[in-house]
A.B. asks: 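Submitted below is the structure of interest, expressed as structure tokens.
Index from 1, following the sequence.
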Amino acid sequence: SASNFIIRKEGVGDRLVIDGSGNSTFTGSVRVSNPTQSNYWLYNAAKTNGFLLGRSIGSNDAQDFFIFDTISNSARLQINSVGDITFSNQATFGGDITIYEPAGNAAIILSGGAANNETYQIAQGVTGISNGGFSIRNIAENKDVMVFQDVTGNVGIGTNSPGAKLEIATLRQPGIRLSSLDITAATNELLSGIEFYTPDISAPRVSSYINCNFTSAYGDSYLTFATSTGVGAATERMRIDSSGQILMTKSGADYNLVI
């Protein structure tokens, strides 16, 4: 077209075309070079605002890459010379990715178009509770799936105000399952257990435990309950066998309780 501006390389073809409406088309790679800084300016029709893409914007490190907002006069994204990435307008490098929200809590939204997909938010703070802490929130159902309190360190699953180090809440049948991936049961093999540990400086140890063991290779099981005295190791005190018998040990004597 007679209204187009074209830069053409002989034997290769058009490298830059600017049509009559001002639209530009590049073919191949484009290099912008400047001894101090290089950038592209993306602006609106009135040229009153826009974004700069480039390096060494303002007084920042010449090796950094920026997406710079000319309205707020701040970098919205910055990648430094070692590959760390910072989003928003404050460079606080220290991790591979830093997200900074100057007006509130920073958040990441995970959303996709797959079937049965739900949108999740990973964010600072617990919605409606505190700016402190951390939460994983189901946006579609408008509820926190898991929260971490900032002062207590408590973890809540199904509740945003856990009253213990771990609190699990659900409308019906809350429970905890301990699973083994071993598909070949063996006699006296430990299936799963719960240990109660003390870091006491005089004798750090497992002071008590509850274990589930296999009775046979067929998967029959029994429960053992152990406690300790003084600084000694935990010793089995009671057992519930696969038939329901309760065996108790005290001072070397066994007592059977059959119900």
A.B. asks: Quick check for you: to the nearest 0.5 Å, what is the distance between Tyr222 atom OH and Asn188 atom CG?
C.D. replies: 4.0 Å
A.B. asks: Grab the two heavy atoms, one from Leu191 and one from Ser180, that are nearest each other, plus how far apart they are.
C.D. replies: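 So the two residues come closest at CD1-CB, 3.5 Å.
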A.B. asks: Could you tell me the separation between the OG1 atom of Thr127 and the CD atom of Gln121, rounded to the nearest 0.5 Å?
C.D. replies: 6.0 Å
A.B. asks: Any heavy-atom pair between the side chains of Tyr209 and Glu195 that's under 4.5 Å?
C.D. replies: yes
A.B. asks: Identify the heavy atoms of Gly133 and Asp150 that sit nearest to each other, and give their distance.
C.D. replies: N-CB, 3.1 Å
A.B. asks: Roughly how far, to the nearest 0.5 Å, is CZ of Arg239 from CD1 of Ile246?
C.D. replies: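 The distance works out to 13.5 Å.
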A.B. asks: Glu118 side chain to Ala140 main-chain N or O, any donor-acceptor pair under 3.5 Å?
C.D. replies: no
A.B. asks: Quick one: closest heavy-atom pair of Ala185 and Ser216, and the distance?
C.D. replies: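 Smallest heavy-atom distance, with atoms named: CB-O, 4.1 Å.
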A.B. asks: Roughly how far, to the nearest 0.5 Å, is the OG atom of Ser242 from the CG atom of Leu223?
C.D. replies: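 So the gap between those two atoms works out to 10.5 Å.
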A.B. asks: On a heavy-atom basis, which atom in Val231 and which in Ser202 lie closest, and how many Å separate them?
C.D. replies: CG1-OG, 4.5 Å
A.B. asks: Which heavy atom of Glu167 sits nearest a heavy atom of Ser161, and at what distance?
C.D. replies: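 Where Glu167 meets Ser161 most closely, the heavy atoms are OE1-O, 4.0 Å.
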A.B. asks: Run the numbers on Ser228 and Arg205 for side chain to side chain contact (heavy atoms under 4.5 Å, CB included), then give the verdict.
C.D. replies: CA-CA 10 Å; Ser228 62; Arg205 70 197 186 282; 3.7 Å; yes
A.B. asks: Would Ile109 and Val145 show up in the same hydrophobic cluster when neighbours are defined by side-chain heavy atoms closer than 4.5 Å?
C.D. replies: no
A.B. asks: So how far is it from Met238 CE to Ile210 CD1, rounded to the nearest 0.5 Å?
C.D. replies: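 Here the rounded value is 8.5 Å.
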A.B. asks: Quick one: do the Thr215 and Asn213 side chains pair a donor with an acceptor below 3.5 Å?
C.D. replies: no
A.B. asks: Check whether Ile168 and Ile136 end up in the same hydrophobic cluster, where Ile, Leu, Val, Met, Phe, Trp and Tyr are linked by side-chain heavy atoms less than 4.5 Å apart.
C.D. replies: yes
A.B. asks: Find the distance between CZ (Phe134) and CG (Asp144) and round it off to the nearest 0.5 Å.
C.D. replies: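 The distance works out to 11.0 Å.
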A.B. asks: Could you tell me whether a side-chain N or O of Thr224 sits under 3.5 Å from a main-chain N or O of Glu236, the two making a donor and an acceptor?
C.D. replies: no
A.B. asks: Is there a path of hydrophobic side-chain contacts, each under 4.5 Å between heavy atoms of I, L, V, M, F, W or Y residues, that connects Val206 with Leu178?
C.D. replies: no
A.B. asks: Go through Asp241 and Ser243 one step at a time and tell me if the side-chain hydrogen bond (donor to acceptor under 3.5 Å, both in side chains) criterion holds.
C.D. replies: CA-CA 5 Å; Asp241 68 17; Ser243 67; 2.8 Å; yes
A.B. asks: So Arg137 and Asn142, do their side chains get closer than 4.5 Å, heavy atoms only?
C.D. replies: yes
A.B. asks: Any chain of hydrophobic side-chain contacts (each under 4.5 Å) joining Val126 to Tyr120?
C.D. replies: no
A.B. asks: Between Pro204 and Tyr197, which heavy-atom pair has the shortest distance, and what is it?
C.D. replies: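 Result for this residue pair: CB-OH, 3.3 Å.
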A.B. asks: Should we count CG of Asn131 as having more than 12 external heavy atoms under 6.0 Å?
C.D. replies: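 Not more than 12 within 6.0 Å, no.
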A.B. asks: Taking the side chain as C-beta and beyond, is there a heavy-atom pair between Ser135 and Met146 under 4.5 Å?
C.D. replies: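 They are not in side-chain contact.
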A.B. asks: Membership question, hydrophobic clusters at under 4.5 Å side-chain separation (ILVMFWY): are Leu166 and Val147 in the same one?
C.D. replies: no
A.B. asks: Gln149 pairs by side-chain contact (heavy atoms from CB on, under 4.5 Å) with which of Asn160, Ile129, Asn154?
C.D. replies: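 Among Asn160, Ile129, Asn154, the one that satisfies the side-chain contact (heavy atoms from CB on, under 4.5 Å) with Gln149 is Asn154.
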A.B. asks: If only atom types and distance count, is the side chain of Lys143 paired as donor or acceptor with the main-chain N or O of Gly158 below 3.5 Å?
C.D. replies: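 Checked: no pair found.
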